[in-house]
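Numbering of residues begins at 1 and proceeds along the displayed sequence.
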Amino acid sequence: LCHRAQSKHNEIMPLFSVIIPLYNKAPYVRKAIKSVTEQTYKEWELVVVDDGSTDGSGNIVCEFTDSRISLVKQDNAGVSTARNRGLAESTAPYICFLDADDWWEPTFLKEMAGLIERHPNAGIYGTSYYIVKNGKKRIAPIGVDNGFGEGEINYCRVYAKTLCMPLTSSSVCIPRKVFDEVGGFPVGIKLGEDFMLWLSIVLKHKVVFLNKNLSNYNQDVDVTYRGTHHL
């Protein structure tokens with residue numbers, strides 16, 4: 001069992017809490033964690049929530065000795081419960097999520113910090129991302145206008161243009177106070193829990209989007225590991 005002290009005991013509170021929900025992703029989680037430790041922006045803590053994995057995924061987390069990384073283990077309860085548990089165990093004012101089979105580009109957190117500084121009143125921040133299939137990256141065809149750089153978007157209108165999600169669970173950042181307001185991820189559903197949360201936020205808050213490809217949505221996951229968390 002590997003469980004480091006939570007970074008809430010550190011003297012300096014990080015700007016970002018990164019939460020990885022983990023269920024049987026042993027071949028992939030190492031790359032996800034490395035993409036966090038290799039961020040050019042260093043003011044973060046990482047909470048990995050092992051949601052009852054049976055393939056030794058938690059042991060891979062223990063390979064990392066960075067004191068900013070914590071492993072929390074729980075009985076299998078589903079991805080929403082795992083993310084909400086990570087939220088409860090974390091401390092920073094801004095929350096980023098990363099799926100255990102995805103990964104970030106090295107400047108993801110740095111760009112998020114700049115976006116927050118320039119647009120401090122948003123309820124959710126997002127970036128464009130790559131879709132990875134057959135080992136090749138392609139830019140997600142998000143329906144923002146040609147030449148769009150950054151700024152506020154109408155989430156529903158952008159989504160309707162191409163039906164490609166403007167926000168994914170590995171390309172967003174949300175203020176903790178907004179999570180407190182909406183009550184976290186909905187529990188008890190197997191698909192679309194992130195989409196439901198985005199909608200509950202965008203109906204009340206501004207969505208600020210950065211049109212830079214800073215996250216990698218991995219569609220090359222072996223079918224053995226493709227299933228999400230059991231319930």
Side-chain angles (χ1 to χ4, degrees), residues 1-10 13-26 28-37 39 41 43-53 57-64 66-104 108-109 112 123-126 167-190 192-198 200-201 215 217 228-231:
L1 177 64
C2 160
H3 187 122
R4 281 172 286 280
Q6 295 293 328
S7 58
K8 64 182 69 176
H9 301 300
N10 292 349
M13 180 178 291
L15 181 64
F16 297 108
S17 292
V18 182
I19 297 169
I20 296 180
L22 175 61
Y23 178 73
N24 287 355
K25 293 292 193 296
Y28 309 101
V29 66
R30 184 181 290 106
K31 184 170 186 175
I33 295 174
K34 281 189 66 177
S35 79
V36 178
T37 62
Q39 288 294 300
Y41 189 91
E43 294 180 29
W44 54 262
E45 64 176 1
L46 170 61
V47 180
V48 182
V49 181
D50 187 351
D51 188 36
S53 294
S57 290
N59 295 331
I60 294 172
V61 181
C62 295
E63 295 176 5
F64 293 85
D66 194 314
S67 63
R68 294 170 293 180
I69 301 174
S70 297
L71 174 66
V72 177
K73 291 195 173 187
Q74 65 179 29
D75 293 336
N76 183 257
V79 65
S80 289
T81 299
R83 289 188 181 125
N84 291 340
R85 175 71 183 277
L87 181 67
E89 297 282 349
S90 64
T91 63
Y94 292 91
I95 314 298
C96 299
F97 295 93
L98 180 62
D99 286 352
D101 48 11
D102 295 340
W103 66 94
W104 286 337
F108 178 84
L109 290 180
M112 279 294 186
I124 189 166
Y125 303 87
L167 306 174
T168 77
S169 52
S170 294
S171 63
V172 300
C173 180
I174 303 173
R176 181 178 296 273
K177 62 183 180 182
V178 173
F179 268 111
D180 292 341
E181 175 189 324
V182 300
F185 286 89
V187 175
I189 60 175
K190 288 190 175 182
E193 76 291 331
D194 49 356
F195 183 57
M196 291 181 65
L197 179 65
W198 310 155
S200 69
I201 295 174
S215 182
Y217 173 39
T228 57
H229 303 218
H230 291 178
L231 291 175

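Taking a cutoff of 4.0 Å between a charged side-chain nitrogen and a carboxylate oxygen, Glu181 and Lys177 do not qualify as a salt bridge.
Distance check, rounded to the nearest 0.5 Å: CD1 of Ile124 to SG of Cys173 gives 9.0 Å. Going from atom CZ of Arg30 over to atom NZ of Lys34 covers 9.0 Å, rounded to the nearest 0.5 Å. Note: Ser57 OG to Lys25 NZ = 8.0 Å, rounded to the nearest 0.5 Å. Between the CH2 atom in Trp104 and the SG atom in Cys96 there is a gap of 4.5 Å [rounded to 0.5 Å]. Atom-to-atom distance recorded for Thr81:OG1 and Glu193:CD is 10.0 Å, nearest 0.5 angstrom. Rounded to the nearest 0.5 Å, atoms OH (Tyr125) and CG (Leu167) are 13.0 Å apart.
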Derivation of the side-chain contact (heavy atoms from CB on, under 4.5 Å) call for Arg83 and Asp99: CA-CA 10 Å; Arg83 289 188 181 125; Asp99 286 352; 3.0 Å; yes
Full working for side-chain contact (heavy atoms from CB on, under 4.5 Å) between Tyr94 and Val178: CA-CA 9 Å; Tyr94 292 91; Val178 173; over 6 Å; no
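For the residue pair Arg176 / Thr91, no side-chain donor-acceptor distance below 3.5 Å is found, with atom types taken as modelled. Counting only N and O atoms by type, the side chains of Asp50 and Ser53 include a donor and acceptor under 3.5 Å apart. Side chains of Asp51 and Gln74: a donor-acceptor N/O pair is present below 3.5 angstrom, by distance only. Neither side chain, Thr37 nor Asp66, offers a donor N or O lying under 3.5 Å from an acceptor on the other.
Between Leu98 and Pro21, the closest heavy-atom pair is O-CD, 3.6 Å. Closest of all the heavy-atom pairs between Ile201 and Gly123 is CG2-O, 3.7 Å. Contact detail for Ser80 and Pro186: the closest heavy-atom pair is OG-O, 2.7 Å. Nearest heavy-atom pair, Ala100 versus Ala32, reported as atom, atom and distance to 0.1 Å: O-CB, 3.6 Å.
Residues Val49 and Tyr23 form no side-chain contact, since every pair of their non-hydrogen atoms from C-beta on lies 4.5 Å or further apart. Proximity of Trp44 to Leu109: side-chain heavy atoms (C-beta onward) are separated by under 4.5 Å at one or more points.
When the shell of 6.0 Å around CG of Asp75 is examined, it contains 12 or fewer heavy atoms from other residues, nucleotides or ligands. Within a 6.0 Å radius of OH in Tyr217, other residues, nucleotides and ligands contribute 12 heavy atoms or fewer.
Scored by the side-chain hydrogen bond (donor to acceptor under 3.5 Å, both in side chains) test, Ser200 finds no partners at all (sequence neighbours excluded). Applying the side-chain hydrogen bond (donor to acceptor under 3.5 Å, both in side chains) rule to Gln39 yields no partners; only residues at least two apart in sequence or on another chain are considered. Residues passing the side-chain hydrogen bond (donor to acceptor under 3.5 Å, both in side chains) test with Thr168, sequence neighbours excluded: Ser171.
Only one option out of Ile33, Leu46, Ile69 pairs with Val18 in a side-chain contact (heavy atoms from CB on, under 4.5 Å); it is Leu46.
Phe16 has its ring centre less than 6.0 Å from the ring centre of Tyr41. For Phe97 and Phe179, the ring centers sit closer than 6.0 Å to each other.
In this structure a side-chain-to-backbone donor-acceptor pair under 3.5 Å is missing from Ser17 to Ile95.
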